[in-house]
Enquirer: 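Pasting a structure here, questions to come.
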Amino acid sequence: MIEVKNLSKFYGHVRAVDNISFTVAEGDVVGFLGPNGAGKTTTIRILTCYQPATSGSATVAGHDVFKESLKVRTEVGYLPENVPLYPEMRTREYLRFRGKLRGLDRPEREAAIARVTERCWLGDVIDRPIGQLSKGYRQRIGLADALLHNPRVLILDEPTVGLDPAQIRETRALIRELANEHTVMLSSHNLAEVEATCRKLVIINRGAIVAAGTPDELRQRITGGSKLIAELRGPNEQVAAGIRELNGVSDVHTEAREGWTRVTITSAKDLRESIYTMSTQKGWPLRELRREVATLEDFFVKIVAAAREETVTPKV
Ligand SMILES: Nc1ncnc2c1ncn2[C@@H]1O[C@H](COP(=O)(O)OP(=O)(O)O)[C@@H](O)[C@H]1O
Ligand SMILES: [Mg+2]
């Protein structure tokens, strides 16, 4: 549904997007995750035909975003980072105005407004001036606007930024519902957000894609499996040798502690049962056996910290 190939965007000498490629299949809900300044908005603005790329190609619903922008726009509903709304307009007036811009005739427009009002839970505020509404409602009006022409693809740029926790929960629930009917790509700088709403993640940092896949796949790939910590009472070298022989072990570190051997094992597999069996077979008592699954959060926090350091440390 979305295909991006070797896309780059320079703002003068600033390389905002650096040769990225990814695809979003029909029906997917993909989170485009990255720290501030990673290049998310730039990519989204290219995909929604709001700005050109420097090089590369992209199609949305089979249409080239550079050559067939009108077709792309009919297939895409776009919620920008900051929704430009007219505070003096009432919700219904605003949606009518947007529907006219979309070229919907009166009956189509009224039907579409009824549909998105229900879809985005706007019934209570449909006749109120937008300027009086909370940020949560305004965000939903932006979503309603993006849905007026019933697009197949929804592209949402940081849809919950600036909302309070209750509004965030509502917006996430709404996105999950919309994901049943539309292909969705949403950007966020918040891992919890994409984990709560998306089935796939594309992680971008400094304009480049650093990882992509389902959260489970990424956890596996990024962290190289889990860590296992065990303490056995046995001779250090024999314990280490015994563990190295187990299937699936990629790294073993041992430490002698007053007759006990503390082992830290990196492995793609859960080896707890094998280690217990070894302990009973060899007669090495076991006093600790613990699995630490490295989280995606650890990985993402590292990326964010590195990005932050770069922005505060001037390059020489
Ligand atoms: N109009 C612009 N002119 C110059 N630089 C820009 C412009 N827009 C964004 N940038 C720069 O491009 C990089 C990516 O920005 P952006 O796509 O907004 O990131 P994100 O949405 O992930 O926070 C940043 O370094 C940003 O400062
Ligand atoms: Mg942005």
Side-chain angles (χ1 to χ4, degrees), residues 2 4-22 24 29-58 60 65-66 69 72 76-85 135-136 138-139 142-143 145-146 153-163 167-168 171-172 175 184-198 200-212 218 222 296-297 299-316:
I2 302 177
V4 173
K5 261 192 216 141
N6 306 115
L7 200 69
S8 294
K9 173 73 185 181
F10 285 76
Y11 295 109
H13 293 294
V14 177
R15 198 185 310 166
V17 172
D18 186 8
N19 196 29
I20 63 169
S21 302
F22 63 89
V24 175
V29 196
V30 171
F32 196 40
L33 178 68
N36 289 328
K40 304 179 296 292
T41 298
T42 301
T43 306
I44 285 177
R45 288 176 62 87
I46 294 169
L47 291 178
T48 51
C49 310
Y50 276 80
Q51 72 184 18
T54 307
S55 61
S57 65
V60 175
V65 299
F66 308 116
S69 74
V72 170
V76 175
Y78 167 42
L79 179 72
E81 210 167 8
N82 299 299
V83 186
L85 294 171
K135 175 114 206 274
R138 276 183 264 158
Q139 197 70 345
L143 265 172
D145 174 13
V153 184
L154 271 180
I155 299 183
L156 318 175
D157 198 356
E158 307 247 12
T160 62
V161 149
L163 302 186
Q167 294 166 341
I168 288 176
T171 304
R172 285 181 184 167
I175 292 170
V184 178
M185 171 171 169
L186 67 89
S187 79
S188 175
H189 62 277
N190 179 336
L191 176 65
E193 165 116 331
V194 293
E195 283 202 297
T197 38
C198 303
K200 282 194 186 148
L201 269 60
V202 174
I203 305 182
I204 181 170
N205 186 35
R206 297 167 55 207
I209 288 174
V210 290
L218 291 183
I222 289 163
L296 220 51
E297 179 151 16
F299 172 75
F300 190 61
V301 164
K302 266 187 218 155
I303 292 183
V304 176
R308 216 172 264 151
E309 213 148 88
E310 273 191 10
T311 52
V312 297
T313 317
K315 282 197 191 109
V316 272

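Both counts, for ligands and for their atoms, begin at 1 and track the order of listing.
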Enquirer: To the nearest 0.1 Å, how far is atom 15 (O) of ligand 1 from its closest protein heavy atom, and which atom is that?
Expert: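 Checking every protein heavy atom, the shortest distance to atom 15 (O) of ligand 1 gives Thr42 OG1, 3.9 Å.
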
Enquirer: If only atom types and distance count, is the side chain of Lys200 paired as donor or acceptor with the main-chain N or O of Gly31 below 3.5 Å?
Expert: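 Absent.
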
Enquirer: Does the Ser8 side chain pair with the main chain of Asn19, one donor and one acceptor, at a distance under 3.5 Å?
Expert: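 Yes; at least one donor-acceptor contact below 3.5 Å.
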
Enquirer: Can you find a protein heavy atom closer to atom 4 (C) of ligand 1 than 4.0 Å?
Expert: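 Yes, there is one.
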
Enquirer: If you have a sec, work out which protein heavy atom is nearest atom 12 (O) of ligand 1 and how many Å separate them, to one decimal?
Expert: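 Residue, atom and distance for the closest contact: Ala16 CB, 3.3 Å.
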
Enquirer: Mind checking whether Pro35 contacts ligand 1 via backbone (N, CA, C, O), side chain (CB onward), both or neither, at a 4.0 Å heavy-atom cut-off?
Expert: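 Just the backbone.
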
Enquirer: Distance under 4.0 Å to a non-hydrogen atom of Asn36: what atoms of ligand 1 satisfy this?
Expert: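 The atoms of ligand 1 under 4.0 Å from a heavy atom of Asn36 are 23 (O).
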
Enquirer: How about Asn6 and Ser21: do any of their side-chain heavy atoms sit closer than 4.5 Å?
Expert: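 Yes, their side chains come closer than 4.5 Å.
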
Enquirer: Say whether, by atom type as modelled, one donor and one acceptor occur between the side chain of Thr171 and the main chain of Gln167 under 3.5 angstrom.
Expert: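 Yes: the side chain of Thr171 pairs with the backbone of Gln167.
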
Enquirer: How far is atom 25 (O) of ligand 1 from the closest protein heavy atom, and which atom is that?
Expert: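 Heavy-atom neighbour on the protein nearest atom 25 (O) of ligand 1: Gly37 O, 4.0 Å.
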
Enquirer: Would you say Thr41 reaches the Mg ion (ligand 2) with an N/O/S atom under 2.8 Å?
Expert: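 Coordinating: yes.
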
Enquirer: Give a yes or no on whether Lys5 atom NZ has more than 12 heavy-atom contacts from other residues, nucleotides or ligands under 6.0 Å away.
Expert: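 No, because the 6.0 Å sphere around NZ of Lys5 holds 12 heavy atoms or fewer from other groups.
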
Enquirer: To check your reading of the model: name the closest protein heavy atom to atom 18 (O) of ligand 1, its residue, and the distance in Å.
Expert: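 Going atom by atom, the protein heavy atom closest to atom 18 (O) of ligand 1 ends up being Thr41 CB, 3.7 Å.
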
Enquirer: Return the residue, atom name and 0.1 Å-rounded distance of the protein heavy atom closest to atom 9 (C) of ligand 1.
Expert: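 It is Tyr11 CE1, 3.3 Å.
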
Enquirer: Report yes if the side chains of Val153 and Met185 come closer than 4.5 Å at any heavy-atom pair, otherwise no.
Expert: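 No, side chains not in contact.
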
Enquirer: So which protein heavy atom does atom 19 (O) of ligand 1 come closest to, and at what separation?
Expert: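 The closest one turns out to be Gly39 N, 3.1 Å.
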
Enquirer: Above 12 or not: heavy atoms from other molecules or residues under 6.0 Å from CD of Glu297?
Expert: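 No, not enclosed.
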
Enquirer: Is a side-chain donor-acceptor pair under 3.5 Å present for Ser188 with Glu158?
Expert: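 Distance-only check fails for Glu158 and Ser188.
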
Enquirer: Nearest protein heavy atom to atom 21 (O) of ligand 1: under 4.0 Å?
Expert: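 There is a protein heavy atom less than 4.0 Å from atom 21 (O) of ligand 1.
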
Enquirer: Taking the N/O/S atoms of Glu81 one by one, which is nearest to the Mg ion (ligand 2)?
Expert: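 Distance check against the Mg ion (ligand 2) picks out OE2 in Glu81.
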
